[in-house]
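What follows is a single structure, written as structure tokens, with notes after it.
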Amino acid sequence: QVQLVESGGGLVQAGDSLRLSCAASGRTFSSYSMGWFRQAPGKEREFVAAVTYSGGRTYYADSSKGRFTISRDNAKSTVYLQMNSLKPEDTAVYSCAAKFGMIVTTTPASFDSWGQGTQVTVSS
């Protein structure tokens, strides 16, 4: 497994941008597909975005498409989530997750390792 640590969350206003980072350590980062998920109070964890182990393909939830961009730097063992045009409904704890192999899924249970999460709060 890999160990994951997120950073970059905070309190912003609607329309602002944030970039989340997730630093990995342990196993070979480039062998893992990576995903971002979020969980708002009282709601289930939901898929936000994912990227293949090579970074060649990306996947987004409908709510993220066009506003969020996932990317990775395998040399730095880090995955990023650039979030633009933030809305109050984006408020949640954002967690990154790692899944060994090239198959990307949007199902949280399919991921092997999780970070502790970082809080994103968007005020109106």
Side-chain angles (χ1 to χ4, degrees):
Q1 288 188 338
V2 293
Q3 289 75 49
L4 305 172
V5 178
E6 302 95 336
S7 61
L11 172 63
V12 297
Q13 294 187 332
D16 285 350
S17 298
L18 274 178
R19 188 174 84 153
L20 306 183
S21 299
C22 173
S25 61
R27 303 293 294 271
T28 305
F29 179 70
S30 58
S31 298
Y32 288 80
S33 297
M34 299 296 297
W36 284 97
F37 293 80
R38 68 186 184 186
Q39 188 167 21
K43 296 188 177 181
E44 292 189 355
R45 179 177 283 169
E46 66 172 355
F47 170 74
V48 175
V51 60
T52 55
Y53 66 97
S54 66
R57 296 196 69 174
T58 56
Y59 304 82
Y60 296 95
D62 288 342
S63 59
S64 310
K65 217 169 288 184
R67 299 188 300 127
F68 295 2
T69 302
I70 188 171
S71 61
R72 66 188 296 162
D73 185 339
N74 284 347
K76 296 183 178 179
S77 297
T78 302
V79 63
Y80 305 97
L81 185 68
Q82 177 68 43
M83 305 187 293
N84 299 328
S85 303
L86 283 161
K87 305 175 181 179
E89 50 264 43
D90 294 318
T91 295
V93 174
Y94 285 71
S95 300
C96 66
K99 179 185 178 301
F100 185 78
M102 60 183 294
I103 304 298
V104 174
T105 76
T106 64
T107 306
S110 299
F111 286 77
D112 307 309
S113 302
W114 291 83
Q116 83 288 351
T118 186
Q119 177 70 47
V120 172
T121 303
V122 184
S123 64
S124 57

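Quick note: residue numbers are just sequence positions, from 1. Predicted model only: the values in this text are computed from it and were never measured.
Closest heavy-atom contact between N74 and S30: ND2-CB, 3.6 Å. Nearest heavy-atom pair across P88 and A14 is CD-CB, 4.1 Å. Nearest heavy-atom pair, T69 versus Y60, reported as atom, atom and distance to 0.1 Å: CA-OH, 3.3 Å. For L4 against S113, the heavy-atom pair with the smallest separation is CD1-O, 3.5 Å. Closest heavy-atom contact between L81 and A49: CD1-CB, 4.2 Å. Residues G117 and V93 share a closest heavy-atom pair of CA-CG1, 3.9 Å.
Judged by distance alone, the side chain of S64 and the main-chain N or O of V48 form a donor-acceptor pair under 3.5 Å. Between the side chain of T52 and the main chain of R57, a donor-acceptor pair closer than 3.5 Å is present.
Residues M83 and V120 have side chains in contact (heavy-atom distance under 4.5 Å, counting atoms from C-beta outward). Put simply, the side chain of V122 does not reach to within 4.5 Å of the side chain of D16, judged on heavy atoms. Here the side chains of R38 and K43 are not in contact, with every heavy-atom distance at 4.5 Å or above.
Here OG of S54 is found 7.5 Å from CZ of R72. Values are rounded to the nearest 0.5 Å. Between the CE atom in M34 and the OG atom in S71 there is a gap of 11.5 Å [rounded to 0.5 Å]. Here S17 contributes atom OG and Q82 contributes atom CD; the two are 5.5 Å apart, rounded to the nearest 0.5 Å. From L20, atom CG reaches atom CD of E6 across 8.5 Å, with rounding to the nearest 0.5 Å. The SG atom of C96 lies 8.0 Å from the CD atom of Q116; values are rounded to the nearest 0.5 Å. Going from atom CH2 of W36 over to atom CD1 of I70 covers 8.0 Å, rounded to the nearest 0.5 Å.
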Set out, in order, the CA-CA distance, both residues' side-chain angles and the distance that settles side chain to side chain donor-acceptor pair (under 3.5 Å) for D73 and T78, then state yes or no.
CA-CA 5 Å; D73 185 339; T78 302; over 6 Å; no
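Proximity of the aromatic rings of F111 and F37 is defined here by a centroid distance below 6.0 angstrom, and this criterion is met. Ring pair Y32/F100: centre-to-centre distance below 6.0 Å.
Note on F68: it does not cluster hydrophobically with F47, by side-chain heavy-atom contacts below 4.5 Å among ILVMFWY residues. Clustering ILVMFWY residues whenever any of their side-chain heavy atoms sit less than 4.5 angstrom apart, transitively, puts V51 in a cluster other than the one holding W114. If you chain together hydrophobic residues whose side chains sit under 4.5 Å apart, V79 and V104 never meet in one group.
Ion pair D62/K65 flagged as a salt bridge, since at least one NZ, NE, NH1 or NH2 atom sits closer than 4.0 Å to an Asp/Glu carboxylate oxygen.
One side chain, T121 or Q119, offers a donor N or O that lies under 3.5 Å from an acceptor on the other.
Around atom OH of Y80, more than 12 heavy atoms belonging to other residues, nucleotides or ligands sit under 6.0 Å away.
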